Amino acid sequence: MPKLIIDNIAVEVADGVTVLEAAQSVDIPIPHFCWHPALGKAGACRVCAVRMMEGPVKGIQMSCMLPAQDGMVVSTTDPEAVTMRRNVIEWLMINHPHDCPVCDEGGECQLQDYTIAGGHGIRRYDGKKRTHINQDLGPYIQHEMNRCIQCYRCVRFYQEYAGGTDFGVMGSAGRVYFGRFREGQLESPFSGNLVDICPTGVFTDKTARFRARYWDYDMAPSVCPGCSLGCNTTPVARYRELLKSIARRNEAVNSWFICDRGRFANGEVNDPQRPRTPLIDGVESSRNEALKALLFRIAQTEERYGTGSIAIVGSSRLSLEAALLLPTLAELTSSGALCYFASEEESGRTLPLFQLLTAGRSASQRDVRESDCIVVYGCDPLQDAPMLALAIRQAWRNGATVYTVGDGISLPCDVTTVDRLDAVPLSDAKNPVLIRSAADIPDQLATTLHQHDHLKLAVLFPAANSYGASKLALKHLGVSFEQAISSGDIKGVISVEADIPQKLLEGIPFVAALDWRMTETVQAAQIFFPTTAWVEMKGTFINHEGRVQRFNKVMNPGVPIRGLDPAVHPPHIHRTAPPGGEPQPAWQILAAVIEGLGGELITEPFTGEWERLRGLDAECEGVIINDI
Ligand code: FES
């Protein structure tokens, strides 16, 4: 544990920590471009200069390259170090465009920040700037090579961290070029991370270009709903339109990155066809009218078909807040079935694996990254949950052996293929992880888990809150909707963000739906309530490992301004609410229905044993829950 002094502050750090990291640990910022916590050092940019005053190393040094050692006395404010950093910025700006006011990266550009901080404003060198021809890298990533400062972050991420092979560094000396050998869409499913890690805007999000400035963004900490991993994101919105998503650091989950599927998934939120108005028999109505109609039809269904004729159906994508209210609604409607899964197939492949995730058994993405033996068994992480494939690659880079049971599984690392699970030498591994998608449990899996107490399990569930839905389904004796209707007694359905196929609704006279997507269930519903998407509300998901994570509201619901016909000016109507702003969080609509049915007014969905989740901070690592 080296002890050193940085700017008169005594610091003690672990072996191997660099001077730059040691300074960061006591909140002393040192400028850096090429160094990145997840990518390590490259020593390429020379902007992290500090002066070593005393100790084993003396003089101006690159703090990102220098391991902290006992007795070092470091100055980050020494005039020589400051001048060096200022000069480096000026050299970098010799070729970089001096166009911050009109640059689309302006406001979120590390080079801009350090250039201003270093005091460079007037270009003294009057030679011609070096220019490049940009490549078309596909629909998602914009290429602006003239902005490049050769920090090598992009290629280190793309090739080393993510295992991509279609992007690299070409040329030499002053003509170094980062791109593809030929123009074309980037092939890596993690290519969007180039946008986040490039410190100057060589790679920007093409889908959100020139739509807003950084200081205009509506942003909040959030969680990606694209799969069950619960990767942390910062969605960015403007004028009620979700513009883009940025990866948000959570070392226990996704570290610094997200996959392209989660990043470029704005379509459904912004969809002009998205249902945004309450409907009664296809006719637009107010929330109150729809609520009255729903209460009337619930009573009517019970009167006609008796108690137990209504099914309450939630889903694996429904927030925990709403999922928690479904049992109360089921009780008040004397429901015949409480369902958290639409189909028997989904329920059958989710619940048995959920039951194997006992305390200490479930593996996080960090557990996968730090594992020395990974077994991919009966699943395809690149398809089911791409970030887990990225985590597997990091383990492999650190020396782990990766086994796949059976052929046909593609991963961004070398693998050893075995025929059977028991052919993997799990006993020799220190912290093995087995990865499995939600599916039936073969005896072999149950036996293997039984035999190896130290084996952790990462289950790839189908949706963002599959874990929460499974937990509640088991607790409240829920059945799948498919099973519920097999008795023939179900004559009414209240579907809460559930994807019930049309064929399962045939012959059911009364269907009510709450949703923010246009689904088959919504189309079949006589009464409909629009709900908010995850970026339009505060809510909670439980990820695949049982980690409860909060997401905050990013933007208000409503028709995006760009969603209106661009040729027609929006109507000049004085409103107190935005057009299409009726959606509410599903739990709030459920609370109103519960109150209308004679239940207590619910203002806080986390009660009883769930109460401890009330104050959960969206910016923490989340809490593992397996005792409720
Ligand atoms: Fe140290 Fe680039 S951050 S050389």
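When a ligand or atom number is given, it counts from 1 through the structure's own listing order. All figures in this text were calculated on a predicted structure; none of them were measured in a lab.
- Residue contact annotation: Cys151 places no N/O/S atom under 2.8 Å from atom 2 (Fe) of ligand 1.
- Atom CZ of Arg175 has more than 12 neighbouring heavy atoms from other residues, nucleotides or ligands inside a 6.0 Å radius.
- Each of the atoms 3 (S) of ligand 1 lies under 4.0 Å from some heavy atom of Trp35.
- Aromatic ring centres of Phe178 and Tyr158 lie farther apart than the 6.0 Å criterion allows.
- At least one N/O/S atom of Cys48, from backbone or side chain, sits under 2.8 Å from atom 1 (Fe) of ligand 1.
- Under a cut-off of 6.0 angstrom, the local environment of OH in Tyr177 is crowded, with over 12 non-hydrogen atoms contributed by other residues, nucleotides or ligands.
- Using a 3.5 Å distance cut-off with no hydrogens or angles, the side chains of Asn543 and Ser228 do not pair a donor with an acceptor.
- Among the atoms of Cys64, an N, O or S atom falls under 2.8 Å of atom 1 (Fe) of ligand 1.
- Interface atoms of ligand 1 facing Gly43, defined by a heavy-atom separation under 4.0 Å, are 4 (S).
- Contact annotation: Cys45 places an N, O or S atom under 2.8 Å from atom 2 (Fe) of ligand 1.
- Here is the list of ligand 1 atoms found below 4.0 Å of a heavy atom in His32: 3 (S).
- In this structure, the protein non-hydrogen atom closest to atom 4 (S) of ligand 1 is Arg46 N, 3.2 Å.
- Interface atoms of ligand 1 facing Ala44, defined by a heavy-atom separation under 4.0 Å, are 4 (S).
- A donor-acceptor contact closer than 3.5 angstrom is absent between the side chains of Asp216 and Tyr239.
- Aromatic ring centroids of Phe203 and Phe167 lie under 6.0 Å apart.
- Cation-pi check for Arg436 over Tyr377 is met; the charged atom lies under 6.0 angstrom from the ring centroid and within 45 degrees of its normal.
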